[in-house]
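Comments concern the structure below.
What you see is a predicted model; the values in this text were computed from it and never measured.
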Amino acid sequence: MPLIRTAPAAGLGTFNRIIASAAAAGILAGLLLTGVQQLRVAPIILQAEVFESAVPKALEVAAPHSHADAAPHEHSHDAKPHEHAEEGAHEHGGWQPDDGAERTFYTALANISAGVGFALLLAAAIGLHGGASGWRAGLLWGAAGYTVFFLAPSVGLPPELPGTVAAPLLARQMWWAATVMASAGGLALMVFAKHWPLRIAGALLLFVPHLVGSPQPAVHSSSAPPELARSFLYATLLANAAFWLAMGALAGYFYKKFG
């Protein structure tokens, strides 16, 4: 009687492993980030919004004079958006979700979308590099992602509360993108280059965006007190560290599991 041989169960291909690992890791990391934000970040933002909404009322109390007596150019409502656009102040025009469950839902949706996107980069790096996988290796990739995409840009452009005057948006986006590319290239040279001159060049590349300097507003001002801004900075550092480290560990774990 002939023996029936069964082929060993084959794992997913590299591409499918990357997609599946990124989806699983991104969803879980996005939910984790949402939970940490609700506990540590959201209460600070709500306090800052109270300060921000109190500024127009304080201006009305400080200037009770009649609009009819004032020169038209001094209170022109058309000039306000232009001034804020020039300084890059935070605005809240357009549709916004209501506070509570609706706001939390859309925050979670945005975090999951970002998580899946970033997890694709981590899973692709793990798969294409061909090195060790597993949660420990993924944790290192997550730490690298945290450094490249959040920590390095935050040195020049720290997270800002509502009501903070900032530089023009386009300038900030361009500096952020340049910092991410310089940080990614610098870390890659430091870790993977075999020759010391390249490693030194990678270390120097990390400092280039900060030597150039991040875009800054003409006048720094914020409706929130400095203590609240400091608490917000620490909370966002913690939340994003949890997000990136968990996402890296999960991407490494699922990549190995789906192999």
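Side-chain atoms of R40 do not come within 3.5 Å of backbone N or O of L238 as any donor-acceptor pair. Not one N or O on the side chain of T164 forms a donor-acceptor pair closer than 3.5 Å with the backbone of E160.
Applying the ring pair (Phe, Tyr, Trp, His ring centres under 6.0 Å) test to every pair with at least one member in residues 162-196, sequence neighbours left out, gives these pairs: H129-F192, W175-H210.
Both L237 and V180 are assigned to one and the same hydrophobic cluster, defined by single-linkage of ILVMFWY side chains at heavy-atom distances under 4.5 Å.
Closest approach of L122 to G142, counting heavy atoms only: CD1-CA, 4.3 Å. Listed here is the closest heavy atom pair of V219 and V165: O-CG1, 3.6 Å. Heavy-atom minimum distance, A251 versus S21: O-CB, 4.0 Å. In this structure, P153 and V148 approach most closely via the heavy-atom pair CD-O, 3.3 Å. Across A29 and L250, no two heavy atoms sit closer than the pair N-CD1, 4.3 Å. Shown here for S223 and E52, the closest heavy-atom pair between the two residues is OG-CA, 3.5 Å.
Once rounded to the nearest 0.5 Å, the distance linking CG of L121 with CE of M247 reads 8.5 Å. Separating the OH atom in Y253 from the CG atom in L139 is a distance of 15.0 Å, to the nearest 0.5 Å. The line from OG of S154 to OH of Y146 is 7.5 Å long, rounded to the nearest 0.5 Å. From L157, atom CG reaches atom CD of Q216 across 6.5 Å, with rounding to the nearest 0.5 Å.
Partners of R230 according to the salt bridge (charged side-chain N to carboxylate O under 4.0 Å, His left out) rule, which considers only residues two or more places apart in sequence or in another chain, do not exist here.
Between F118 and the choices W244, F150, W141, the ring pair (Phe, Tyr, Trp, His ring centres under 6.0 Å) rule is met once, by W244.
At least one test fails for R17 against the ring of F258: distance under 6.0 Å to the centre or angle within 45° of the axis.
Counting non-hydrogen atoms of neighbouring residues, nucleotides and ligands closer than 6.0 angstrom, the CZ atom of R199 exceeds 12 such neighbours.
Contact check for S183 versus T147: no side-chain heavy atoms found under the 4.5 Å cut-off.
Counting only N and O atoms by type, the side chains of T104 and E102 include no donor and acceptor under 3.5 Å apart.
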